[in-house]
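What you see below is based on every heavy atom in this structure, not just the backbone, and it leaves out hydrogens, waters and symmetry mates.
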Amino acid sequence: MLSDADCLTLAQHIRLLPVASGMTGIVRLLADGPGTAILHGLVVRMCVILDHAAGCG
């Protein structure tokens with residue numbers, strides 16, 4: 001994935017990894033138990049982490 005993104009700086013590469021991982025985590029949470037993930041705020045927590053990771057720098 002990152003080899004296709006040669007135009008990104010090193011800092012952008014570093015921030016991209018947790019964002020991609022977080023997106024995968026949200027999909028897994030919703031696939032495994034959408035009601036539980038939403039009711040217990042797990043998706044909201046993951047989104048806050050993604051907002052933070054994307055805004056750092």
K.L.:
How many angstroms lie between CG in D32 and CG in L42, if you round to the nearest 0.5 Å?
P.N.:
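Taking CG in D32 and CG in L42, the distance rounds to 11.0 Å.
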K.L.:
Other than L39, what residues sit in its cluster of Ile, Leu, Val, Met, Phe, Trp and Tyr side chains whose heavy atoms are under 4.5 Å apart, directly or through others?
P.N.:
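Members alongside L39: none; it stands by itself.
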K.L.:
Please give me the minimum heavy-atom distance between R45 and H40, naming the atom from each residue.
P.N.:
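Residues R45 and H40, closest heavy atoms: NH2-O, 3.5 Å.
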K.L.:
Which distance, rounded to the nearest 0.5 Å, do you find between the CG of L30 and the OG1 of T36?
P.N.:
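The OG1 atom of T36 is 11.0 Å from CG of L30, to the nearest 0.5 Å.
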